Enquirer: 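Following this message is one structure expressed as structure tokens.
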2 protein chains.
Amino acid sequence: MAAKKQTTEVRQDEIARAALELVGTRGMKGLSMAAIARKVGIVPSAIYRHYRNKDDVVDAILDYLQRGLGGNVRTIAYLEGTALERLHFLLMKHIELIQQNKSIPVVVFSAEVYKGSPRRRVKLLGIIESYLAEIAAVVVQGQNEGAIRDELDPKTVAIMFMGLIQPSTILWHLSVGGYDVAKQAEAAWPVFRRAIEMDSSP
Amino acid sequence: MAAKKQTTEVRQDEIARAALELVGTRGMKGLSMAAIARKVGIVPSAIYRHYRNKDDVVDAILDYLQRGLGGNVRTIAYLEGTALERLHFLLMKHIELIQQNKSIPVVVFSAEVYKGSPRRRVKLLGIIESYLAEIAAVVVQGQNEGAIRDELDPKTVAIMFMGLIQPSTILWHLSVGGYDVAKQAEAAWPVFRRAIEMDSSP
DNA sequence: GCTCCATGTGAAGAAACATTCACATAGTTT
DNA sequence: AAACTATGTGAATGTTTCTTCACATGGAGC
């Protein structure tokens with residue numbers, strides 16, 4: 001039962017996807033070269049034709065993540081509308097992303113990914129920091145528009161924004177799909193909006 | 001180099017503490033029976049005098065966690081003051097707890113703990129759910145006091161409350177202590193408070 | 001002081017896993 | 001069509017880790 005040969009570009013992508021999915025369903029502990037190979041349809045040793053070792057596969061997962069989150073922010077960068085509208089849109093986009101790719105939160109929140117690997121720790125931190133920076137930039141725009149209160153620290157707001165999604169996703173995983181992440185986010189948004197928006201009454 | 005003999009009650013506690021600490025510093029991957037034993041000052045096989053197997057040790061970590069969080073909520077249950085004051089106090093208490101015991105977030109957010117063990121998944125979910133329920137109860141009290149807006153769903157608010165802390169703790173771990181969790185929480189609190197409190201102007 | 005039981009020790013087994021290597025083969029280039 | 005190169009395979013190796021077991025020992029109770 002020989003697998004069909006593929007170029008290394010294709011296989012690298014297949015392997016990274018399979019690895020990401022495995023982490024989502026079985027956690028880092030369940031991420032074995034054997035499991036990845038089985039999912040891709042090749043033999044464990046064949047993985048070494050496309051990645052130097054397991055560490056490189058995990059790095060590929062992070063690259064995948066980076067592209068996903070980065071693409072999200074770029075989407076709203078080119079959007080019309082007020083800053084508050086764009087923040088709301090980003091929230092929905094973010095939820096869409098993690099619902100389509102439920103493994104992402106597991107990777108981001110799992111200490112297993114970075115404990116013991118300073119290089120990966122820095123990499124993951126960079127991914128999150130740059131995401132936060134983009135959110136903070138939108139907040140600043142909102143402040144310039146006069147829609148978001150001036151006295152708020154943009155970074156504080158950005159971190160709070162992340163907090164709108166994080167607990168829900170964890171509860172979603174813990175309850176095996178029992179929580180409606182989108183619903184919770186939709187309910188939380190107007191509350192959050194009220195917290196940051198400028199007083200309408202002068 | 002024989003270790004001094006201890007009763008099984010003492011050793012069980014020592015082992016659970018050592019395990020919790022190890023998870024915090026090295027992650028679940030670094031939680032080996034050998035590492036636990038070294039930390040306690042006994043030999044790996046001696047652990048089996050006090051726990052049936054490694055799974056039972058991990059369960060003991062969760063029990064430890066449950067007692068910690070439960071104690072926190074019980075503290076504010078007997079507090080004087082308005083609901084908003086008590087929520088603020090709970091926020092600070094929570095931060096104090098996770099700062100003294102930095103391993104807690106790692107355990108709660110690490111999918112490794114519950115992936116592959118439905119029983120542990122349910123257990124962890126129960127711990128978090130009951131914590132959320134206690135927060136929601138305080139929110140309801142606030143609504144009865146006329147301090148928190150009636151139209152808000154208490155559970156939504158409780159989950160948002162969790163979101164005040166979670167992102168900071170993850171950033172704290174990722175930046176190896178670079179983030180000031182307490183500071184971020186103190187900055188976020190007035191924003192959150194503004195979001196949920198009743199309009200002062202009638 | 002003696003006995004007995006719970007606790008501690010070291011060696012050994014068994015399973016899982018990452019990684020290497022020699023060999024096979026498909027697909028591309030010449 | 002022949003040769004070459006990149007990809008796939010299966011076996012083997014070395015390491016790590018959990019777990020068991022026979023034996024040792026300290027201390028509590030008689």
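Atoms considered below: every heavy atom in the structure, side chains included; atoms not considered: hydrogens, waters and symmetry mates. Here is the naming used below: chain letters follow the sequence lines, and residue numbers restart at 1 for every chain. As the structure is a computational prediction, the values presented were derived from the model and not from experiment.
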Enquirer: Using a 4.0 Å heavy-atom cut-off, does B/L31 contact any base of the nucleic acid, only the sugar-phosphate backbone, or nothing at all?
Expert: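 Here B/L31 touches the backbone only, sparing every base.
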Enquirer: Are side-chain heavy atoms of B/D63 and B/K123 found at a separation under 4.5 Å?
Expert: yes
Enquirer: Round to the nearest Å and state the distance from A/E9 atom CD to D/dA6 atom C1'.
Expert: 11 Å
Enquirer: Please determine whether a side-chain nitrogen of the Lys or Arg among A/R17 and A/E14 lies less than 4.0 Å from a carboxylate oxygen of the Asp or Glu.
Expert: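 Salt bridge flag = no for A/E14 with A/R17.
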Enquirer: Verify whether the ring centers belonging to A/Y131 and A/H94 lie closer than 6.0 Å.
Expert: yes
Enquirer: Give each protein N/O atom lying under 3.5 Å from an N/O atom of nucleotides 25-29 of chain D, with the pair distance.
Expert:
from	atom 1	to	atom 2	distance (Å)
D/dT25	O2	B/K5	NZ	2.5
D/dG26	N3	B/K5	NZ	3.2

Enquirer: Once you round to the nearest 0.5 Å, how far does CZ of A/R120 lie from NZ of A/K115?
Expert: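 Between atom CZ of A/R120 and atom NZ of A/K115 there are 13.5 Å.
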Enquirer: Roughly how far, to the nearest 0.5 Å, is the CD atom of B/E85 from the NE2 atom of B/H88?
Expert: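 CD of B/E85 is found 10.0 Å from NE2 of B/H88.
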Enquirer: For D/dG8 and A/R11 - does any side-chain N or O of the residue sit under 4.0 Å from the phosphate oxygens OP1/OP2?
Expert: yes
Enquirer: Between P on C/dA16 and CZ on A/R26, what's the gap in Å once rounded to a whole number?
Expert: 13 Å
Enquirer: Of A/T7 and B/M33, whose closest DNA chain D nucleotide lies nearer the 5' terminus?
Expert: A/T7
Enquirer: Just wondering, do A/Y51 and A/D59 contact through their side chains at under 4.5 Å, heavy atoms?
Expert: no
Enquirer: In residues 46-64 of chain B, which residues come under 4.0 Å of DNA chain D by heavy atom?
Expert: B/Y48, B/R49, B/N53, B/K54
Enquirer: Would you indicate which nucleotide in C/dA18, C/dG10, D/dG10 comes nearest to any side-chain atom of B/V43?
Expert: C/dG10
Enquirer: Nearest to the B/T8 side chain among C/dT7, C/dG8, D/dG8, which nucleotide is it?
Expert: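 Side chain of B/T8 sits closest to C/dT7.
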Enquirer: For A/K29 and D/dC18, what is the distance between atoms NZ and C1' respectively, to the nearest whole Å?
Expert: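 From A/K29 NZ to D/dC18 C1': 13 Å.
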Enquirer: Could you state the CZ-P distance from B/R38 to D/dT16, rounded to the nearest angstrom?
Expert: 12 Å
Enquirer: Over how many whole Å does the gap from B/I15 atom CD1 to C/dG8 atom C1' extend?
Expert: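 Atom CD1 in B/I15 sits about 12 Å away from atom C1' in C/dG8.
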Enquirer: Touch check for B/S45, heavy atoms < 4.0 angstrom, all strands: base, sugar-phosphate only, or nothing?
Expert: base
Enquirer: Please report the distance, rounded to the nearest Å, between CD1 in A/I36 and P in C/dC17.
Expert: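 Roughly 12 Å, once rounded to whole Å.
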Enquirer: Measure the shortest side-chain to side-chain distance between B/D13 and B/Y64 over non-hydrogen atoms and say whether it is less than 4.5 angstrom.
Expert: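 Touching, per the 4.5 Å side-chain cut-off.
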Enquirer: Which class fits the ring pair B/W189 and B/F161: parallel under 30°, tilted 30 to 60°, perpendicular over 60°?
Expert: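 Perpendicular, since the angle between the ring planes exceeds 60°.
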Enquirer: Give, for atom CG of B/D56 and atom CG of B/N53, the distance between the pair rounded to the nearest 0.5 Å.
Expert: 4.5 Å
